Amino acid sequence: MTIEREKLHRFLRDMLLARVFEERAAEEYAKGNIVGFLHLYPGEEAVGVGLIHAAEPADYIVSTYREHVHALVRGVPPENVMAELFGRRTGMSGGMGGSMHLFDRERRFMGGYAIVGETYPIAIGIAYAVSMRKLPEAVICLFGDGAANQGTFHESLNMASLWRLPVLFACENNRYAIGTEIHRHSAVTEVYKRAAGYNIPAEKVDGMDVVKVHEASLRALQRIRAGDGPQFIEFETYRYRGHSMADPGSYRPAVELKAFQVHDPISAEIRELEYRFPDVDEMAQAGIDNVARLADHMRKLGHATEADVENVRKSVHKIVEDAVAFAKQSPEPTMDVAWRAMRGGQDGEILTQQANP
Amino acid sequence: MTIEREKLHRFLRDMLLARVFEERAAEEYAKGNIVGFLHLYPGEEAVGVGLIHAAEPADYIVSTYREHVHALVRGVPPENVMAELFGRRTGMSGGMGGSMHLFDRERRFMGGYAIVGETYPIAIGIAYAVSMRKLPEAVICLFGDGAANQGTFHESLNMASLWRLPVLFACENNRYAIGTEIHRHSAVTEVYKRAAGYNIPAEKVDGMDVVKVHEASLRALQRIRAGDGPQFIEFETYRYRGHSMADPGSYRPAVELKAFQVHDPISAEIRELEYRFPDVDEMAQAGIDNVARLADHMRKLGHATEADVENVRKSVHKIVEDAVAFAKQSPEPTMDVAWRAMRGGQDGEILTQQANP
Amino acid sequence: MAEELLYWQALNRALDVEMSEDESVFTLGEDVGLYGGTYRVTEGLYAKYGEWRVRDTPISENSFTGLGVGAAMAGMRPVVEIMTINFALLALDAIVNMAAKIPLMSGGQFQMPLVIRVPGGVAKQLGAQHSQRLEHTMMNVPGIHIAVPSTPQDAYWQLRQAIASSDPIILLEHEMLYFSKGPVDVTADAPDLHRAIVRREGSDLTIVSYSRMAVLAMQAAEQLAKEGIAAEVIDLRSLSPIDWDTCAQSLEKTHRLLVVEEDCRFAGAGAEIAATLVERCFFVMEAAPVRVAALDLPTPFNGTLEAASIPRLQDIVEAARSLHQPAAPQA
Amino acid sequence: MAEELLYWQALNRALDVEMSEDESVFTLGEDVGLYGGTYRVTEGLYAKYGEWRVRDTPISENSFTGLGVGAAMAGMRPVVEIMTINFALLALDAIVNMAAKIPLMSGGQFQMPLVIRVPGGVAKQLGAQHSQRLEHTMMNVPGIHIAVPSTPQDAYWQLRQAIASSDPIILLEHEMLYFSKGPVDVTADAPDLHRAIVRREGSDLTIVSYSRMAVLAMQAAEQLAKEGIAAEVIDLRSLSPIDWDTCAQSLEKTHRLLVVEEDCRFAGAGAEIAATLVERCFFVMEAAPVRVAALDLPTPFNGTLEAASIPRLQDIVEAARSLHQPAAPQA
Ligand SMILES: Cc1ncc(C[n+]2csc(CCOP(=O)(O)OP(=O)(O)O)c2C)c(N)n1
Ligand SMILES: Cc1ncc(C[n+]2csc(CCOP(=O)(O)OP(=O)(O)O)c2C)c(N)n1
Ligand SMILES: [Mg+2]
Ligand SMILES: [Mg+2]
């Protein structure tokens, strides 16, 4: 299967939008306009873009606290995403959720969850509803390498397999759980291998290559719609920034050296492993930045010139500037919105109807 | 490795004691002298006897609510086990714990736990202490097939492997979690296969054969003491009685037939699987009762005559009768024992010393 | 046209009716299907509705409760059975961080039509780990509603109302009440899900209670009547929200408050009940409120000690007596 | 010889001293080692004591907290750090069903020298799932002790005392206090781990509070003093057990009680505080107790609403004012 021109252009545009949106959010955070935890996506764009573009409008997305880009790719207007980071009434969660809790019911963006390991049960629950209704819909469940150690991973994958639920378990393996490198938090560092414990078909994909990500995701979603039950993909990726804006990320690998001066065999063994991984600059030099990689790819195919790429870059900058302006001008929510939400919010009938097709 | 004569006699005696003790407890329960949940072990004796006889006195045992026999084999006097079921002060937990919470600190019987999945974290915690002290001790962690679906299984096995903790994960797979047959609660029904997700060596053993159980356990414990880290054994066994005295166990397979009259593809598939399993009577006829099997084995080897077996049977009946009498005569505990326990109980210094050898 | 039903039968009937009327209602939990439910509440439903609507789950409380949350977000009306409240501790993240918070975190985009049924309370020598009372923990979670039926009729009404509601509701069923019998009129109009009921009128003091203790409070009131003490007994029926008006009105009349709970005394449900009622009724109260509650101790296994660890009929009667004729105030 | 330390530095110092004095003390949690701890409490300890005594764990709260329980049973003195209280919901089975119950269930054979450190409270726009306050949930668990230091000195003392104790103790640290500075005298004698402290004397009313709200209460008291209202401020320092005598003595003098808590009002920690103090001091109280607490709402993300969802300085001042000059009693 080869990915057609238009799609590649859409990918390039979304990846650039993602990169620019996040870096701009970082600026606003530095200025104090965005407060709280802010987990950014630079370095991982190929995963979100390639994966979510493989989903149908009727599919559901369940994401984590590092989900701004997932929402953008799903089609949520940038201004509503940015406004939520600002905590404004026009934000996609009405200013009630914030950066880690983005929801868009109409687009079936079922939320960002901030307690690691929560996306699994939510995803199998939605999938259970889909199965009962015998609909050709799939649920994409996102999670990181660190989240694969939470008990809900085990419990939920078992149930998903037991009942053949339509879930695509998508692991964004960026090799770190905050400051803890994967060799130090998981006995088996190839996350996809754990799926075998539940009879779930799994594969590992280069998450720095948007085309590979997209193709693997399409295949998995096809199998799900064909009734093959849950599928599992591990995307190998890397985040350039710290875990969140509160984290300089200096443990990669500066701190490590210092800390590992404690002499004992196991830490020595780990040190040796740590060194196999490049730091931010090395990644850049190695030229494996996923956005740059796609741009090159398109140039080689003659799909895009340097100028085209520049134009896209310009246009997304404009979009992001407008988003920030929109957020800043937006009003704050009022407490009665909160109280109303507690009393049931908007009605849940639209979805309920589908229960009896 | 062949098991010597004395050991076989010890096994026979303990298995008969186990069988008689449990059946007698059932009688006392029927009479109302024992109240609460009572989970019995008939059918699974070969596992507890073969496994726990492989442990050294310095090893630790962490068990479940189906643990009377584990305590007996560990050497706790039958009268103290029985007295605990009666809730008397002379019980091994002072009448405070009951059938599901048997503790014997001196024998390193670290408790029976009634919340499914609790034995894993307790076991790795004790093992962590052992590792810090660099002692040649091992921790035996018992759990059932149903317990393998609890999140703590995943979390704890990962940590055990990550830090090479000295734990023997011993699964008593009796194919049922109360009324739910293993094919309906686990996507992978060979529990030992799940250990691969944590790089833990694992094997499956015939839990109806006490000799095989014992030999496999010895091998695993040797590897642990040799510093190979955690080991995993799945013992295939079967419980003859219901889940507890409150459970007639009629779902095996009577209820199943009726309930499966609901026609849908998945239940059909399950029905077909259910039928592969014999019910209680079939087991008996098939003559695979584990106690009978050992007796035959010993007769064949010329280790024991019909009369020898009868004598052992008589002696254990006497022991159990005395245990019941002891329990009945024992005084009830007083509330101040409970309050004292809350204020720290007896001191924990003995073990603490070992922290600094 | 009321029929005599056991508490579990009333729940079974309510669940059956709701499932037959709305395909989006389904139930799941350990052994709810083939086995028919530990306390028989789901008996017969597996054969009638099939395994997708009566789902036996693995022992994975946090995830199957979270499954209920996800299904509710997708428009279903899940009724999750957690086999006993003791295991709900494993599912608190799903209850507290998901079910209770998603409606607000989503800015009101999602409702949470989720019912969680949990048998609880102190039964007979089940040991410390199986004698949990978590009403207080649940009460402290904004967004979670809690119903505590003490009669078969309320069990029937409140389960049906809980399923019909769009809020996350925990139905706390008491293990010692499943086999208690009582009249159930399926045609009668139900009082509001969260309305308290005055089970017995009296002018000398007000006993506020719920679940099994409300039944014990009624027995105590009868005994007290023989001694000439007229106790008014209020069965809260709901622990979140609490029907304060009904309680306050009673205190205007009796001026004395006795709270009876099976929860541990320290920071138990009774603390909130006493605190708020004192705040509301301070100037009509003629004596300090009194709480009769469980000892602040994990439940001992021994039967005698277990019985002494929670309020007994006599404890309630004596507390009522001394509240009625108080010793001289030691100010 | 007191030095000025930040709250986190005082905790770091206390942990360092205990670890250097007793090899059975070790700490574990997410990012406590290499990373130095989310709030820097374990900074430098990994390099000093090595990875077995400062263990970075996977994201597996229930199991690594349970690991602490098992290690404590084997004679160690584990200090488990749960990165924030919000994740403690996942570890409640280990805390409630294991740590709190094993001493009693084993008939007193096992002690539980376990310390669980948890940052908590409402910080700055961390969203509903990261603004949990569970003091109340923990208070309702017999067997669990809870310390709530509000100053660097108490943080130092109470962490050291908690590690030395043989009871399971939860140290609730407030996320907004880690960077607050104060004098710490490591040589001074510490008051009992569970003793409350009168931070400021006054005769008009008693403000009972704890943790960050105790700091706010002190500021309110200063403001009130300017208005001629003398508020006595009690910092509980411990939520389980609670030092009732210190509170009662104060009420004998002031006759008025104001409870200030960050916990949600309904069934919050303040409920127990108000309920017990009314029971004990009913006849000396001249007004109904008043609770200033958080709204019964998951915390909204928006900064303005978040700030309005928990007690602010002005809320305390106003509540104190009207308690001091009450409106006519509506009896
Ligand atoms: C249950 C729980 N424990 C701890 C945390 C704190 N925390 C937030 S993100 C994170 C690391 C998660 O790593 P990973 O799953 O790999 O996702 P990534 O951040 O790398 O995308 C941790 C420990 C949390 N939010 N929830
Ligand atoms: C967390 C939890 N959930 C549910 C239960 C109720 N329960 C007690 S034993 C049991 C079945 C356990 O099956 P298995 O692990 O196979 O052990 P077995 O009883 O077969 O020996 C269940 C569901 C429990 N005790 N704890
Ligand atoms: Mg990661
Ligand atoms: Mg089993």
Side-chain angles (χ1 to χ4, degrees), chain B residues 60 62 84 89 91-98 100-101 103-106 110-115 117-118 120-133 139 151-152 154-156 158-159 162-163 333 337-338 340-356, chain D residues 22-26 28 49-53 55-78 80 90-114 142-145 165-168 241:
Chain B
Y60 297 84
V62 181
E84 189 59 34
R89 186 187 303 177
M92 55 190 290
S93 303
M96 294 295 163
M100 306 196 288
H101 304 299
F103 289 80
D104 185 332
R105 191 151 164 288
E106 298 320 314
M110 307 302 278
Y113 296 88
I115 306 296
E118 285 186 333
Y120 315 113
I122 295 280
I124 64 171
I126 296 166
Y128 196 90
V130 169
S131 292
M132 286 184 73
R133 300 167 185 159
V139 182
T152 47
H154 181 68
E155 299 175 341
S156 299
N158 181 52
M159 286 188 268
L162 208 47
W163 307 324
V337 176
R340 209 177 322 110
M342 297 289 281
R343 286 193 305 275
Q346 62 192 71
D347 78 23
E349 293 322 297
I350 305 99
L351 279 167
T352 314
Q353 295 317 326
Q354 303 182 354
N356 327 321
Chain D
D22 182 350
E23 279 191 20
S24 63
V25 177
F26 71 100
L28 77 163
Y49 297 103
E51 66 184 350
W52 278 91
R53 293 187 65 194
R55 175 60 73 184
D56 281 319
T57 66
I59 306 170
S60 308
E61 281 80 5
N62 201 16
S63 292
F64 71 67
T65 304
L67 186 159
V69 172
M73 292 175 78
M76 304 300 290
R77 299 193 160 273
V80 174
L90 292 155
L92 279 185
D93 186 65
I95 296 170
V96 177
N97 272 327
M98 298 182 192
K101 294 186 169 63
I102 287 169
L104 180 133
M105 293 196 302
S106 65
Q109 291 179 78
F110 289 93
Q111 293 183 300
M112 196 50 61
L114 172 70
I144 293 295
H145 295 235
S165 159
S166 290
D167 300 312

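Numbers restart at 1 for each chain; the letters A, B, ... are given by sequence-line order, proteins then strands. Every heavy atom of this structure was used, including side-chain atoms; hydrogens, water molecules and symmetry mates were not. Since we're looking at a predicted model, the values are computed, not measured.
- A donor-acceptor contact closer than 3.5 angstrom is absent between the side chains of D:Ser60 and B:Glu155.
- Here the side chains of B:Met110 and D:Phe110 are in contact, with some heavy-atom distance below 4.5 Å.
- Here the side chains of D:Met76 and B:Arg133 are in contact, with some heavy-atom distance below 4.5 Å.
- Contact between D:Asp56 and B:Trp163 at its shortest, heavy atoms only, is O-CZ2, 3.4 Å.
- Between the CE atom of D:Met105 and the OG atom of B:Ser93 there is a distance of 8.5 Å, given to the nearest 0.5 Å.
- Only the side chain of B:Ile115 comes within contact range of chain D, with at least one heavy atom under 4.5 Å from a heavy atom of that chain.
- When every heavy atom of D:Phe64 is checked against every heavy atom of B:Met159, the shortest pair comes out as N-CE, 3.7 Å.
- Interatomic distance, D:Asn97 CG to B:Tyr113 OH, rounded to the nearest 0.5 Å: 11.5 Å.
- Among the candidates B:Gly94, B:Pro333, B:Ser156, the residue making the largest number of heavy-atom pairs closer than 4.5 Å to chain D is B:Ser156.
- When D:Pro142, D:Ala71, D:Ser106 are compared by the number of non-hydrogen pairs under 4.5 Å with chain B, D:Ser106 comes out ahead.
- For the options B:Pro121, B:Ser131, B:Gly95, heavy-atom pairs under 4.5 Å to chain D are most numerous at B:Pro121.
- The CZ atom of B:Arg105 sits 9.5 Å away from the CE atom of D:Met73 when rounded to the nearest 0.5 Å.
- For the pairing with D:Leu67, the side chain to side chain contact (heavy atoms under 4.5 Å, CB included) check across B:Ile124, B:Ile126, B:Ile122 returns one residue only, B:Ile124.
- Both the backbone and the side chain of D:Thr57 come within contact range of chain B, judged by heavy atoms closer than 4.5 Å.
- The part of B:Met92 that comes within reach of chain D is its backbone (N, CA, C, O), which places non-hydrogen atoms under 4.5 angstrom from that chain.
- For the set B:Val139, B:Asp104, B:Asn158, the count of heavy-atom pairs under 4.5 angstrom toward chain D peaks at B:Asp104.
- Aromatic ring pairs are classed by plane angle as parallel below 30°, tilted from 30° to 60° and perpendicular above 60°; the pair D:Trp52 and B:Tyr128 is tilted.
- With hydrogens and angles ignored, the 3.5 Å screen pairs no side-chain donor or acceptor of B:Glu118 with any backbone N or O of D:Met98.
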